[in-house]
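Counting from 1, the numbers follow the sequence of the chain as shown.
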Amino acid sequence: MNAQQLSVRLMKVAEYVQAGAVVADIGSDHAYLPCHLLHHGIASRAVAGEIVKGPYESAKKQVRAEGLEDKITVRLAPGLEAIEPADGITAVTIAGMGGSLIASILEEGKGRLEGVERLILQPNVHAQAIRQWAVQNGWHIVAEEILKEKDKIYEILVLEPTAEEVQLDAKELLFGPELLKQQTEIFKEKWQREATQWKAIAERLENTQQTEDIRTKKEQLLEKIALMEEVFADENS
């Protein structure tokens, strides 16, 4: 992968960046995504944020090699602390992390999201945590995609701020309101995989000493299995 040839999932993230956006790519690694956005005239400027010194140096080197030092600022900072008010950021991209970590980054740095028009988020797992954050903080899910790359399945969530109350039911939080509407073959594959794992874990818990924590975990798993069976029953009816 490089700035000219992104991975499938990063290409999809790039497609959701609005034309002329000023982008903050958090956890930018080699800064391939912001470089791609600038080379293709999608973004007007960008900030590449990294918390780890090695990837930060790699990003600086990449931006320099691409001749984009006047358009991309690379900062060593945790999460959204890479964003400064003077940047005028209008889009934030966070890709390749767990959903719980992405949600915590958004929560800890939400004071820096003023003026941001769109969040494009690609969690590797636990997208539900991002949807819960969106509900609690006034962000509406305007698009979702699910894709498969090298036998791994990824979700992409696109959020925009709204003054209206955001409401999602249990199924929408777990599966995604837009993904539920689409129910692609990859969607079905993902949740069939998940259900197999949930059932195996629930069976093991059944044969474990029944502490309060074990009972709670088992109940949560059974609730998710029931939701999934309901979704697929609706789809087949």
Please confirm whether the backbone N or O of Gly96 pairs with a side-chain atom of Gln122, one donor and one acceptor, at under 3.5 Å?
-> yes
Answer yes or no: is there a side-chain heavy-atom contact under 4.5 Å between Leu205 and Ile201?
-> yes
Connected via hydrophobic side-chain network under 4.5 Å: Val17 and Val8 = yes
Kindly determine whether Met228 and Glu194 satisfy side chain to side chain contact (heavy atoms under 4.5 Å, CB included), including the steps that lead there.
-> CA-CA 9 Å; Met228 194 213 65; Glu194 293 283 349; over 6 Å; no
Output yes when a side-chain donor or acceptor of Arg118 lies under 3.5 Å from a complementary backbone atom of Tyr16, and no otherwise.
-> yes
May I ask you to decide whether Glu57 forms a salt bridge with Lys53, counting only side-chain N to carboxylate O separations under 4.0 Å?
-> yes
Measure the spacing between CD1 of Ile102 and CD1 of Ile130 and express it to the nearest 0.5 Å.
-> 4.0 Å
Heavy-atom pair of closest approach, residues Phe187 and Phe175 | CE1-O, 3.8 Å
Say you draw a straight line from CZ of Arg215 to OG1 of Thr211; how long is it, rounded to the nearest 0.5 Å?
-> 7.0 Å
Can you tell me how far the CG atom of Asp25 sits from the CG atom of Leu10, to the nearest 0.5 Å?
-> 8.0 Å
Determine the sole option in Ile141, Leu106, Val158 for which the side-chain contact (heavy atoms from CB on, under 4.5 Å) test with Leu121 is passed.
-> Leu106
Is Asn124 reaching over with its side chain to a backbone N or O of Gly98, donor-acceptor style, under 3.5 angstrom?
-> no
Shared hydrophobic cluster, Val22 / Ile42 (ILVMFWY, side-chain heavy atoms < 4.5 Å) = no
Verify, without hydrogens or angle tests, whether Ser28 (side chain) and Gly49 (backbone) share a donor-acceptor contact under 3.5 angstrom.
-> no
Checking side-chain contact (heavy atoms from CB on, under 4.5 Å) against Val47, which of Val92, Ile89, Val23, Ile72 comes through?
-> Ile89
Can a salt bridge be assigned to the pair Asp87 and Arg75 using a cut-off of 4.0 Å between side-chain N and carboxylate O?
-> yes
Do you know which of Glu144, Gln136, His126 makes side chain to side chain donor-acceptor pair (under 3.5 Å) with Arg131?
-> Glu144
Indicate whether the side chain of Glu164 and that of His140 have a donor and an acceptor atom separated by less than 3.5 Å.
-> no
Might you point out which heavy atoms bring Thr90 and Ala21 nearest each other, and give the distance in Å?
-> OG1-CA, 3.4 Å
Do you know the tightest heavy-atom contact between Ala202 and Leu222?
-> CB-CD2, 4.4 Å
In the single-linkage hydrophobic clustering (I, L, V, M, F, W, Y; side-chain heavy atoms under 4.5 Å), do Leu179 and Leu173 co-cluster?
-> no
Would you name the heavy atoms of Leu113 and Trp133 that are closest together and state the gap between them?
-> CD1-CH2, 4.0 Å
Between Val166 and Val116, is there a shared hydrophobic cluster once you connect ILVMFWY residues whose side-chain heavy atoms come closer than 4.5 Å?
-> yes
Shortest non-hydrogen pair, Ala31 vs Val63, comes out as CB-CG2, 4.0 Å
Applying side-chain contact (heavy atoms from CB on, under 4.5 Å) to Asp151 and not counting sequence neighbours gives Lys148, Arg193
Are there more than 12 heavy atoms of other residues, nucleotides or ligands under 6.0 Å from atom NZ of Lys217?
-> no
Gln182 and Glu178: side chain donor to acceptor below 3.5 Å | no
Stepwise side chain to side chain contact (heavy atoms under 4.5 Å, CB included) check, Glu108 with Leu80 = CA-CA 8 Å; Glu108 290 168 11; Leu80 297 182; over 6 Å; no
Interatomic distance, Lys71 atom NZ to Leu37 atom CG [nearest 0.5 angstrom] | 13.5 Å
Where the side chain of Ser100 meets the backbone of Ala129, is there a donor-acceptor pair that is under 3.5 Å apart?
-> no
When you measure from the side chain of His36 to the backbone N and O of Tyr32, does any donor-acceptor pair fall under 3.5 Å?
-> no
Side chain to side chain, Thr93 and Ile26, heavy atoms closer than 4.5 Å = no
Side chains of Tyr154 and Glu145: is there a donor and an acceptor less than 3.5 Å apart?
-> no
Can you list the steps and then say if Ile153 with Trp191 is a side chain to side chain contact (heavy atoms under 4.5 Å, CB included)?
-> CA-CA 10 Å; Ile153 294 176; Trp191 291 109; over 6 Å; no
Mind checking who shares a hydrophobic cluster with Ile51, ILVMFWY linked at side-chain heavy-atom distances under 4.5 Å?
-> Val52
Is the closest side-chain heavy-atom distance between Val142 and Leu159 below 4.5 Å?
-> no
Is it the case that Trp139 and Glu160 place a side-chain donor and acceptor less than 3.5 Å from each other?
-> no
Expected output: side-chain Glu172 to main-chain Asp169 donor-acceptor under 3.5 Å = yes
Do NZ/NE/NH1/NH2 and the carboxylate oxygens of Glu149 and Lys152 come within less than 4.0 Å?
-> no
Would you say the side chain of Val74 lies within less than 4.5 Å of the side chain of Tyr56, judging by non-hydrogen atoms?
-> yes
Would you check if Ile156 and Val13 make a side-chain contact, meaning some heavy-atom pair closer than 4.5 Å?
-> yes
Treat each ILVMFWY residue as a node, draw an edge where side-chain heavy atoms are under 4.5 Å apart, and state whether Ile83 and Leu101 are in one component.
-> yes
For Cys35 and Glu66, work out which heavy atoms get closest and say how close.
-> SG-CG, 3.7 Å
For the atom pair CG (Leu221) and CD (Gln197), what is the distance rounded to the nearest 0.5 Å?
-> 10.5 Å
If you round to the nearest 0.5 Å, how far is CD1 of Ile214 from CZ of Arg204?
-> 11.0 Å
Just do the salt bridge (charged side-chain N to carboxylate O under 4.0 Å, His left out) check on Arg112 and Glu81 with the steps written out, would you?
-> CA-CA 8 Å; Arg112 295 175 185 253; Glu81 288 184 28; 5.0 Å; no
So, are Glu155 and Lys190 salt-bridged, with charged N and O less than 4.0 Å apart?
-> yes
Check: Asp29 main-chain N/O paired with Glu50 side-chain donor or acceptor under 3.5 Å | yes
